[in-house]
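The structure appears right after this line, and notes come after that.
Heavy atoms only: backbone and side chains are in, while hydrogens, waters and symmetry mates are out. All residue numbers in this chain count up from 1 along the given sequence.
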Amino acid sequence: MSKKESIDFFNSYDKIVKLFFGIAVLLLLLFGIFGQVFAPDERDILNTNCKEYNPSWTRVFEDGSKESVTAPTIVEAAYGEKVTLTTTLPDNIENGTNICFRPVWQDVDIYIDGELRLSYNTKDSRPFGTNSSMKYIFVELTKEDSGKEFTYVFSSNSKYAGDIRTGYIGDRLSIWIHLLQENGLHTFVALFLLMMSLFCIIICFILKYLYKKELPLNYLAWTLFFCAFWMISEMSFRQIIYRNISILSYFTYWSLMIIPLPLITFINDLQKGRYKKVFLIPQVYTMCIMIVGTLLQVFDIVQFVEQLKFIHGGLLVSIVCIIATITIDTFTHQLGDYLFVGIGIYGMIVTAILEMVLYYVGTDLSLGTTLSIGLLFLLVMAIIKTGQDLVISEKKKQQAITAREAQAKFLANMSHEIRTPMNAILGFSELLLKMDISETIREYAADIKSSCQNLLAVINDILDISKLDSGKMELSCGNYHTNVLLQDVYHIIDIQARKKGLYFQINADPRIPNELYGDVTRVRGILINILNNAVKYTADGGISFNIKLLDIAE
C-alpha cells in the first residue's frame, strides 16, 4: 500500500468511526426515551396516608345565616371580611394526624370546639404589607379531636379574600411527600434553570475578561436567573429552606418586574441597537412600575398581589415590541444575523403568553414551568449564536495577528533595503565634506547628509510604530554622553533653522552630569521631533532649547 493510499484509507476509516458514533448516540437516546415512555412501570410506588381534605363546609355569616360550600372554590367576600367555615372532623382520627392548608395572602385562625388551635399571621415578622404570605400551615390533631367541630376563619385585603383551596389530611411527613410528588417538576425546573443561569453568568464573566467584550448572552443569563428566582420564591418547600418567607414573597414580584430589562437589553444588542427607540417604551414602563409599585407596597397603599396585572402588562408590552422588531427584521432580511436566536425568541414568546394564560385560567401548570421550557430553548439557541460569534472573532483575531506580523516583516525588510543605500549616501557625503571643495558644493553635501539623516529618522519612526502595534517595542538602555547627544541634535536642527532664517541655540545647565543612563536613540528621536516641530511652526526669530537640572537621585 502506497503512502497516499494509506492516508486515504485512514481518512475514510476516521469518517466511518465518527458516523458510527453519531448513529449509536442517536439510537441510545431514542431507545431510552421510548423505554421510559412506553415500557411497563417497574417503580416502587411510595404509598402515603395523605389524602385530599375537602369536607362539606358550612359558611357562617355574621348575622347567623349559613350556606353550604364545596372546596376548592371562591366565595363572595369583601376585602378584609372574615370568612368563617365550619365542618365536623372524622371519627377515626389518630394521634399525629395533621390537616394542612395553604392560605393565599390570608390571615387564618383555626378553632376546634371553639378553642383556638392555630393562628397564622405575619404582621409581626413582615417588614411591610398588609397580607400574610402564602404558606402551608399544619394543624396537629389527637384522638380526642375525633368528631369535634372544626372552624376555619380567614380574611385577606386582596383578591384572595374568598379563596378556599384544597386541604390535605395525614401525618406531616406523608403530606410533604405528597406535595413533593405534586410539585417536584416545578422544583426541579426552577433549580435547573437557576444553575444554568449562574453557569452562563460565570462563563460570560470569564469570556469578558479574556476577550475584553460584553457578550449579549450575559443579559439572557440574568433573564433566566430572575425567572428561576421567581419560580423558587413560589415553590412549595420555600418555608423549609428560607428564614423569612414574607421577604422572599416580595422577590416573587420584583423578579417579574425586572425580567423585561435584561431580556430587552439582550435583544437590543443582537439587533445592534436598530430599535432602541421602540424598546424605550417597555424599559421606561418597567422601571416606573418597579419604583412606583414598590412604594405602593411599602406604604400599604396597593399590595403587590393587586399590581399583578400591571406587572404582566410590562411583560406583555415587552413581548409585543420584541415580536414587532423581529418581524421587521424578518421582512428586511436582517434576521439572518441572529437566526438561531430569532427562532429561540419565537419559542420563548409562545411559552410566555401561554404562561400568563395558564395563570389567569388558574391551572397548576403555571408558576414558571411553561415559561422555563421556552427560556431554556432560547438559551440553547443563544449559546449556539455566541459560539459562532466567538469562532468568527477568534478567526478575525488570528487574521489581524498574521497581518500585523506580515506588516512588521515587510517594514523590517524595507528598512534594510533603504538603509543600505542611505548609509552609502551618508558615507559619501561625509567624505565629500572632508575634501577641499567650494562653499556651494559643501552646502549641497551638508544638505544631502542632513536629508539622509532625517529620512533615516523617519524610517526609525515607522519601525517604532510597527513595534508598538505588535507589542514588541523594547528599550536599549546604556550609558551615553550628554554633550555628544546635544551636539548631534544641534547639528541636525541648526541646518533646518538656518534654511528658514532662524537662529537655534541650546542652553544646558552646567550641573547636568556628562554621563546619563537610558536609551539614547529614543531620547535623540524625541528631542529631534520636538525641535523639528518648533522649527516648522516658527515664522521668524529663533528657537532656544533650555535644559535644566531638576534633581539628582542616588
Side-chain angles (χ1 to χ4, degrees), residues 105 128-129 158-159 193 197 214 216-231 233-234 249-330 338 341-342 344-361 366-368 370-372 374-375 378-379 382:
W105 300 107
F128 46 77
S158 73
K159 64 180 183 179
L193 197 64
S197 64
E214 186 78 50
L217 180 64
N218 181 51
Y219 294 102
L220 178 60
W222 279 109
T223 304
L224 266 66
F225 174 82
F226 284 110
C227 181
F229 203 83
W230 162 54
M231 295 177 64
S233 66
E234 289 278 14
S249 65
Y250 303 143
F251 282 93
T252 301
Y253 300 95
W254 282 329
S255 297
L256 284 175
M257 290 176 182
I258 203 172
I259 281 174
L261 290 181
L263 179 59
I264 288 175
T265 303
F266 168 69
I267 303 297
N268 188 51
D269 284 352
L270 285 179
Q271 296 173 338
K272 300 176 182 178
R274 289 191 295 271
Y275 308 105
K276 57 184 177 182
K277 291 183 180 179
V278 175
F279 289 135
L280 191 64
I281 299 171
Q283 286 174 330
V284 171
Y285 181 91
T286 298
M287 291 185 287
C288 288
I289 197 66
M290 193 164 188
I291 295 171
V292 175
T294 301
L295 291 175
L296 292 175
Q297 168 73 28
V298 170
F299 292 104
D300 295 337
I301 300 172
V302 180
Q303 303 301 295
F304 276 148
V305 67
E306 299 298 317
Q307 302 174 29
L308 201 54
K309 291 182 179 179
F310 298 99
I311 297 171
H312 284 164
L315 291 168
L316 192 59
V317 170
S318 302
I319 289 172
V320 170
C321 291
I322 292 171
I323 292 175
T325 57
I326 294 180
T327 303
I328 293 172
D329 278 354
T330 302
Y338 56 98
V341 179
I345 291 170
Y346 278 123
M348 182 273 297
I349 288 172
V350 170
T351 57
I353 295 173
L354 182 60
E355 180 71 35
M356 286 187 277
V357 171
L358 290 174
Y359 172 80
Y360 288 104
V361 169
S366 60
L367 298 179
T370 308
L371 177 61
S372 299
L375 286 172
L378 174 57
L379 178 64

Quiz item: D329: what forms a salt bridge (charged side-chain N to carboxylate O under 4.0 Å, His left out) with it, not counting sequence neighbours?
Solution: R274
Quiz item: CD1/I301 to CG/L295 distance, rounded to the nearest 0.5 angstrom?
Solution: 8.0 Å
Scan the side chains in residues 250-260 for donor-acceptor partners under 3.5 Å anywhere in the protein, sequence neighbours excluded, and list what turns up.
residue	atom	partner	partner atom	Å
Y250	OH	F128	O	2.2
T252	OG1	S233	OG	2.7
T252	OG1	S249	O	3.2
Y253	OH	W105	NE1	3.4
W254	NE1	T294	OG1	3.0
S255	OG	F251	O	2.7

Quiz item: From L296 CG over to I291 CD1, what is the distance, rounded to the nearest 0.5 angstrom?
Solution: 12.0 Å
Quiz item: Are any of the side-chain heavy atoms of M287 and L261 separated by less than 4.5 Å?
Solution: yes
Quiz prompt | Between CD1 on residue I353 and CG on residue L315, distance to nearest 0.5 Å | solution = 11.0 Å
Practice problem: Please name the residue in the list T330, I328, I323 that meets the side chain to side chain contact (heavy atoms under 4.5 Å, CB included) test with I326. | Solution: T330
Quiz item: Between the side chain of D300 and the main-chain N/O of G129, is any donor-acceptor distance below 3.5 Å?
Solution: yes
Practice problem: Return the minimal non-hydrogen interatomic distance between V341 and A382, and the atom names on each side. | Solution: CG2-CA, 3.8 Å
Quiz item: Taking atom CD1 of I322 and atom CG of N268, what is their separation to the nearest 0.5 Å?
Solution: 10.5 Å
Quiz prompt | Close side-chain approach of L378 and L224, heavy atoms under 4.5 Å | solution = no
Exercise. Dump the intermediate steps for side-chain contact (heavy atoms from CB on, under 4.5 Å) on K159 and V305, then the final yes or no.
Key: CA-CA 8 Å; K159 64 180 183 179; V305 67; 4.3 Å; yes
Quiz item: Tell me, which pairs form a ring pair (Phe, Tyr, Trp, His ring centres under 6.0 Å) where one or both residues lie in residues 266-295, sequence neighbours left out?
Solution: none
Quiz item: From F304 CZ over to I311 CD1, what is the distance, rounded to the nearest 0.5 angstrom?
Solution: 7.0 Å
Practice problem: Output the distance between atom OH (Y338) and atom CD1 (I345), rounded to the nearest 0.5 Å. | Solution: 6.5 Å
Self-check item: Verdict with supporting geometry, I264 and C321, side-chain contact (heavy atoms from CB on, under 4.5 Å)
Solution: CA-CA 9 Å; I264 288 175; C321 291; over 6 Å; no
Self-check item: Intermediate values then yes/no, ring pair (Phe, Tyr, Trp, His ring centres under 6.0 Å), W222 and F225
Solution: CA-CA 5 Å; W222 279 109; F225 174 82; 5.3 Å; yes
Self-check item: Side chains of P262 and L220 in contact at under 4.5 Å (non-hydrogen atoms)
Solution: no
Practice problem: Could you go through the side-chain contact (heavy atoms from CB on, under 4.5 Å) check for K276 and L280 one step at a time? | Solution: CA-CA 6 Å; K276 57 184 177 182; L280 191 64; over 6 Å; no
Exercise. Decide if atom OH of Y346 counts as having more than 12 heavy atoms of other residues, nucleotides or ligands within a radius under 6.0 Å.
Key: yes
